[in-house]
Structures are given as structure tokens and as C-alpha cells.
Amino acid sequence: MKLLEDKIKKLGHVKEGDVLKVDAFLNHQIDPVLLDKMADEFIKIYSDKKFTKVFTIETSGIAIAYPVAQKLGIPLVFAKKSESINIDGELYSSKVISYTHFREFNVIVSKKFLSENDDVLIIDDFLANGSALRGLLSICKQANVKVEGIGIAIEKHFQKGGQELRSEGYRIESLAMIDKIDAKTNTIVFHK
Ligand code: 5GP
């Protein structure tokens with residue numbers, strides 16, 4: 001999506017550790033006009049599908065997923081990050097390794113909000129090694145929901161998550177795909 005690529009070129013900063021900072025429009029300050037257009041794009045890409053829920057992970061996924069859910073007129077469910085583990089049976093839970101914080105955490109979702117009749121569109125901000133997505137997919141599996149599509153704002157195509165998950169049969173659509181980043185020169189190369 002050209003608009004998103006242009007924003008990344010203009011406002012993105014490459015940090016050591018293959019991290020792309022997009023605080024100026026996605027992860028800290030939010031550009032609602034851009035997110036509205038990104039939602040239109042996700043909906044266009046998946047116009048062949050019917051969804052009953054949009055599913056994401058807090059915090060940054062929420063702002064991206066919200067306009068998608070709003071335009072589709074369906075609920076948005078987000079997985080919450082939690083220190084404690086599921087003990088009461090009312091929650092689905094999974095473990096995620098944080099790419100940016102180098103630690104493992106639990107994500108939880110109340111069983112009330114995902115059920116076997118749901119057809120889910122998963123949305124997230126970044127796809128790197130795929131741990132966040134795998135956490136969400138594990139919850140979907142526990143809930144017996146059908147994952148009809150996955151929408152990612154920025155995929156770092158040089159990391160393994162996208163390739164692995166696609167080879168397992170998941171449909172993943174990314175609005176910007178990056179082939180290479182370099183912290184020393186702040187270079188960002190998009191996938192053609
Ligand atoms: P993965 O779990 O696929 O390795 O990483 C995806 C998650 O880590 C995303 O939910 C995002 O929060 C974070 N992440 C991974 N790479 C980046 C990055 O380059 N920049 C930012 N801002 N977040 C990232």
C-alpha cells in the first residue's frame with residue numbers, strides 16, 4: 001500500500017536489532033486518516049470473505065483493528081497481555097515471546113468472546129518471527145474458531161514468520177512488506 005510505504009519512508013526509524021520504529025503514526029502517536037485507509041485496504045483484499053469477529057493483540061493492534069471492525073460492523077476482540085496464567089478455566093491463554101522486549105508473556109481471552117461459530121480476521125501491526133501471530137492462532141484453535149484471514153500492517157519479509165505461516169496454509173496479507181532494513185544508514189527497502 002503506497003500510502004503506508006510513503007509514511008514509513010518519511011517517518012520510520014530503523015533501530016539496532018532489526019526494529020523499525022513507527023511511533024510517529026502507528027505505535028505511539030496514531031494517524032487516524034492513515035488507519036482508516038488501511039482498514040479500507042484490508043476490507044478490499046478480503047472482500048471475498050465473511051467474518052464475524054476481528055481479533056488482535058493489545059496494545060498496538062487495537063488501533064489498526066478497530067476501524068476494520070467498525071467498517072465491517074462486527075466486534076473487535078483483543079488478546080490481553082497478562083502476568084498470571086489461566087487457572088479458572090474461563091480463559092483461553094497462550095504464550096508469546098516479545099520481539100521488542102525480549103521476554104515471554106501470556107496472552108488471554110475470555111471464553112465469552114470467541115466461540116466455534118466465529119469466522120475470524122486476525123489483524124496486527126508487525127509480523128517478524130511470528131510469535132505474536134502464533135499466540136493468537138493458538139487461542140483461535142482452543143476456541144475452535146475458523147481463521148479466515150490475517151492482515152498485517154508491516155511485514156518484515158526478511159524474518160521467518162510470514163514464510164513459515166504461509167507454508168502452513170494461512171492466508172496472510174501485509175500492507176507493507178520490507179525486504180531489508182539497516183540501522184546505520186536508516187535504509188528501508190520494500191519488497192517488490
Ligand atoms: P513476532 O511475534 O512476529 O516476532 O513480532 C511481532 C510483534 O512484535 C508485533 O506485535 C510487534 O508488536 C512487535 N514487533 C516486531 N518487530 C517489530 C518492529 O520492527 N517494530 C515494532 N515497532 N514492533 C515490532
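Just so you know, ligand 1 is whichever comes first in the structure, and atom 1 is the first atom listed for that ligand. Sequence positions, counted from 1, serve as the residue numbers for this chain. Atom set for the values below is all heavy atoms of this structure, side chains included, hydrogens, waters and symmetry mates excluded.
- For the 3.5 Å distance criterion, the side chains of Asn106 and Lys95 qualify, holding a donor opposite an acceptor.
- Atoms of ligand 1 found under 4.0 Å from any heavy atom of Asn27 (numbered from 1 in listed order, with element): 22 (N).
- Among all non-hydrogen protein atoms, the one lying nearest atom 4 (O) of ligand 1 is Asn129 N, 2.8 Å.
- Proximity to Leu20 (heavy-atom distance under 4.0 Å) selects the following atoms of ligand 1: 18 (C), 19 (O), 20 (N), 21 (C), 22 (N).
- Both tests hold for Lys156 against Tyr99: distance to the six-membered ring centre under 6.0 Å, angle to the ring axis within 45°.
- Closest to atom 3 (O) of ligand 1, if we only count protein heavy atoms, is Gly130 N, 2.6 Å.
- For Lys10 and Glu5, the salt-bridge test fails: no basic side-chain N is under 4.0 Å from an acidic carboxylate O.
- In this structure, the protein non-hydrogen atom closest to atom 21 (C) of ligand 1 is Phe126 CE1, 3.3 Å.
- For the pair Lys156 and ligand 1, the shortest N or O to N or O distance falls below 3.5 Å.
- For ligand 1, the polar-atom distance check finds no N/O of Ile57 at less than 3.5 Å from any of the ligand's N/O atoms.
- Of all the atoms in ligand 1, the ones that sit under 4.0 Å from a non-hydrogen atom of Asp18 are 19 (O).
- Listed by atom number, the atoms of ligand 1 under 4.0 Å from Thr100 heavy atoms are 23 (N), 24 (C).
- In terms of protein heavy atoms, atom 2 (O) of ligand 1 is closest to Ala132 N, 2.8 Å.
- With ligand atoms numbered from 1 in the order given, ligand 1 contributes 4 (O), 5 (O), 8 (O), 15 (C), 16 (N) to contacts under 4.0 Å with heavy atoms of Tyr99.
- Between Lys2 and Glu41, none of the side-chain N atoms (NZ, or NE/NH1/NH2) sits under 4.0 Å from a carboxylate O, so this pair counts as no salt bridge.
- Within a 6.0 Å sphere centred on NZ of Lys71, heavy atoms belonging to other residues, nucleotides or ligands number more than 12.
- Side-chain atoms of Val107 and Ile139, non-hydrogen and from C-beta on, do get closer than 4.5 Å to each other.
- Remark: ligand 1 atoms within the under-4.0 Å shell around heavy atoms of Asp124 are 9 (C), 10 (O).
- Remark: ligand 1 and Ile97 share no N or O pair separated by less than 3.5 Å (distance only, no angle test).
- Within the 4.5 Å cutoff, the side chain of Val22 has heavy atoms near those of the Phe126 side chain.
- Ion pairing between a basic and an acidic side chain is recognised when a charged N comes within 4.0 Å of a carboxylate O; Lys7 and Asp31 show such pairing.
- Using a 4.0 Å cut-off to heavy atoms of Asp125, the atoms of ligand 1 that qualify are 9 (C), 10 (O), 11 (C), 12 (O).
- Contact check on Arg171 versus Asp48 returns a salt bridge, with a Lys/Arg side-chain nitrogen under 4.0 Å from an Asp/Glu carboxylate oxygen.
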